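Report on one structure; see the data block that follows.
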Amino acid sequence: MIRYEPVIGLEVHAQIHTASKMFCGCPVVADTGDVPSNTAVCPVCTGMPGTLPVVNRRAVELTLLTCLALDCEVPPTARFARKSYFYPDLPKGYQISQHALPFGRDGFLEIETAAGPKRIRINNVHLEEDAGKLYHGAGGSRVDLNRAGVPLIEIVTEPDLRSVEEVRAYAAALHAVLVYLGVNGGEMERGVMRFEASVSVRPAGSDALNPRHEIKNLNSFRALADAVAYEIAAQVETLTHGGAVAQQTVGWDEARGVTYVQRSKEYAEDYRYFPEPDLPPVDVDRAWVAALRAQLPELPAARRERFTSDYGLSGYDAALLTADRAVADYYEAVVSAGGAPKAAANWITGELFRLMKETGQTIQTVHVSPQALAELIQLVETDVITLGSGKTVLAEMFAAGGSARQIVAARGLAQISDTNALEQVIARIVEENPEEVRQYLEGKEQILSWLMGQVMRATHGKANPQVVQRLLHVQLEARRQ
Ligand code: ADP
Ligand code: MG
Ligand code: ZN
């Protein structure tokens with residue numbers, strides 16, 4: 001039986017959250033329904049005859065930063081092009097995009113795979129405008145043009161991805177890069193990043209590029225992974241039964257978990273691309289590119305490396321902490337406020353993430369300041385409070401803010417390490433449980449942890465466990481005649 005290998009290429013659309021749209025002065029507003037339909041619009045972005053586009057310089061800069069972050073070549077001249085098609089969300093009848101002269105080409109993004117790091121080649125990075133949004137309801141369909149003209153970066157890979165895991169890793173890595181660059185805030189639920197996946201399969205070891213299905217409009221990581229997995233399985237099934245895969249554009253039916261044919265694949269010729277006559281070519285000045293290169297922030301991969309080498313974190317923890325720029329900033333603020341690096345990583349990826357998940361909060365909305373967490377970590381590391389009390393303190397800070405010391409004082413959580421006080425409690429426990437003590441002395445060692453439990457209970461969990469164990473051992477041994 002033939003074994004098949006998937007061949008996948010991704011086209012990713014990322015909205016750029018500039019203050020104004022790509023070619024007019026209208027504001028870029030979130031797609032959340034808070035802004036009434038068709039209010040962030042003007043004659044330019046509604047495609048009125050006689051209007052002229054003006055290029056948003058910041059959108060070009062963010063596109064160039066993306067090109068540089070993805071190691072693209074940035075040619076000295078870029079050009080906008082008209083892509084003509086008809087759809088009700090596109091009043092001009094064409095989209096201003098780029099074709100022959102994009103801002104960037106021939107780059108790559110490195111991803112982590114089970115077999116080690118792998119470079120996914122980027123064919124090109126170009127800038128275009130978003131279309132409007134259609135709402136289909138019982139009484140007909142409505143068009144909202146608030147989104148029309150919002151700048152979009154399209155990042156096109158070569159067909160280098162070979163599995164659903166690689167697709168996931170690439171999408172996550174690209175998402176992190178875009179958020180680090182400040183292209184947008186990364187809120188997937190607002191449709192700021194959308195995917196199209198081209199999928200074909202071939203006998204393993206062959207280098208053929210077979211006809212593919214292009215899956216349109218995937219708006220979440222989940223939909224992307226599920227749709228690609230479905231297509232791979234369906235195509236292998238077709239070929240195994242002697243069928244053929246035709247080049248097609250398909251949609252993803254999320255509810256049923258299947259793709260469906262939209263149309264036979266369109267080709268570049270169908271769009272009648274030609275240079276946009278209303279806009280001159282963009283002179284991508286070398287000094288400008290150099291200045292932008294100097295502005296590039298530390299990118300996720302570099303930051304992950306630094307977290308492992310500077311803070312001694314595992315690759316896994318470093319990846320968890322750097323996936324989101326705001327989380328990585330928070331982590332570093334905790335460390336510079338005096339939180340021990342490894343303990344800080346454990347508290348954030350463990351308790352803090354758990355509380356955030358439970359309450360649907362993000363690092364931006366969390367009440368626990370980095371200073372407060374650093375203080376809490378110090379209290380635990382220096383044995384002022386137990387790990388268990390630390391969790392209680394964090395939960396309280398998370399719910400209501402405040403400083404760790406205040407909460408420890410108010411709740412009387414400070415650990416009892418005072419030997420005199422503990423000796424008395426232990427003597428009482430030993431006195432009250434003669435049967436257990438006898439069993440222990442006869443060799444039933446596990447009784448020791450039961451007795452420790454009694455002491456912890458009597459001290460409401462505030463006794464220092466190491467001290468209790470030591471003192472208990474001394475008092476029990478003293479009874480051995
Ligand atoms: P088009 O011009 O038709 O959009 P492109 O050459 O731009 O085609 O490719 C679109 C996407 O499809 C790219 O991400 C590319 O890597 C991917 N792709 C091209 N050929 C194949 C193939 N045979 N199997 C899977 N993906 C492919
Ligand atoms: Mg294409
Ligand atoms: Zn406008």
Side-chain angles (χ1 to χ4, degrees), residues 4-13 18-29 35 38-48 51-56 59 81 83 85 91-92 96-100 102 105-109 120-126 128-132 144-151 154-164 166-167 170-171 174 195-203 206-216 218 224 227-228 231-232 235-236 239 244-250 263-273:
Y4 289 97
E5 135 184 288
V7 175
I8 307 148
L10 289 186
E11 293 168 280
V12 178
H13 289 94
T18 36
S20 58
K21 291 185 180 178
M22 188 61 234
F23 299 115
C24 63
C26 292
V28 170
V29 296
V35 178
N38 298 309
T39 53
V41 296
C42 74
V44 175
C45 56
T46 52
M48 295 296 141
T51 56
L52 285 173
V54 177
V55 175
N56 179 333
K83 179 177 182 178
Y85 65 92
K92 288 201 298 285
I96 302 180
S97 179
Q98 297 190 284
H99 189 58
R105 48 170 49 128
D106 298 333
F108 69 88
L109 177 61
I120 305 303
R121 290 171 301 154
I122 309 285
N123 176 284
N124 76 84
V125 174
H126 62 267
E128 58 188 30
E129 55 180 337
D130 210 342
D144 178 7
L145 295 178
N146 283 352
R147 206 179 68 182
V150 167
E154 181 169 342
I155 300 139
V156 184
T157 74
E158 295 292 347
D160 284 352
L161 299 155
R162 293 288 173 271
S163 66
V164 175
E166 289 186 11
V167 166
Y170 172 82
L174 184 59
F195 309 95
E196 287 169 17
S198 288
V199 181
S200 64
V201 299
R202 66 188 177 195
S206 138
D207 54 12
L209 283 179
N210 287 331
R212 62 192 148 108
H213 282 180
E214 184 169 342
I215 317 165
K216 291 283 188 190
L218 299 165
L224 171 66
V228 169
E231 269 298 328
I232 294 169
Q235 291 183 25
V236 169
L239 296 179
V245 175
Q247 190 105 335
Q248 264 167 355
T249 298
V250 302
R263 53 179 181 266
S264 64
K265 173 87 180 80
E266 77 286 351
Y267 293 89
E269 308 85 86
D270 300 334
Y271 291 121
R272 256 174 62 240
Y273 280 104

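Positions are given from 1, in the same order as the sequence printed here. Just so you know, ligand 1 is whichever comes first in the structure, and atom 1 is the first atom listed for that ligand. It should be emphasised that the depicted structure is a prediction, and the values quoted were computed from it without experimental measurement.
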Mind checking what makes ring pair (Phe, Tyr, Trp, His ring centres under 6.0 Å) contact with F195, not counting sequence neighbours? F221

Which atom pair, heavy atoms only, marks the closest approach of V201 to Q235? N-OE1, 3.4 Å

Is it the case that ligand 1 has an N or O less than 3.5 angstrom from some N or O of P159? yes

Under 3.5 Å, is there a donor-acceptor pair between the side chain of N56 and the main chain of T18? no

Pick, from L209, T157, N123, N210, the option with the minimum heavy-atom distance to atom 14 (O) of ligand 1. T157

Neighbouring protein N, O or S atoms of the Zn ion (ligand 3), below 2.8 Å: 4

Applying a 4.0 Å heavy-atom criterion (strictly less than), which segment of V7 is in contact with ligand 1: side chain, backbone, both, or neither? both

Distance-only, no hydrogens or angles: does the R202 side chain make a donor-acceptor pair with backbone N or O of A208 under 3.5 Å? yes

Using the rule side-chain contact (heavy atoms from CB on, under 4.5 Å), only one of V167, L10, I8, T157 pairs with I120; which is it? T157

Can you tell me how the ring of Y85 sits relative to the ring of Y271, calling it parallel under 30°, perpendicular over 60° and tilted otherwise? perpendicular

Heavy-atom proximity to atom 12 (O) of ligand 1, best of S198, A208, P6: S198

K92 meets the side chain to side chain donor-acceptor pair (under 3.5 Å) criterion, sequence neighbours left out, with E129

Closest to atom 4 (O) of ligand 1 by heavy-atom distance, out of E11, E158, E154, Q247, is E11

Should R212 be counted as touching ligand 1, given the test is an N or O pair under 3.5 Å? yes

Measuring from atom CG of L224 to atom CD of E196, what distance do you get when rounded to the nearest 0.5 angstrom? 11.0 Å

Which of the numbered atoms in ligand 1 are below 4.0 angstrom from a heavy atom of V156? 13 (C), 14 (O)

Just jot down the ligand 1 atoms closer than 4.0 angstrom to any heavy atom of L10, in number order. 14 (O)

Only counting residues at least two apart or in another chain, list the ones meeting ring pair (Phe, Tyr, Trp, His ring centres under 6.0 Å) with H126. none

Between Q247 and H213, a side-chain donor and acceptor under 3.5 Å: no

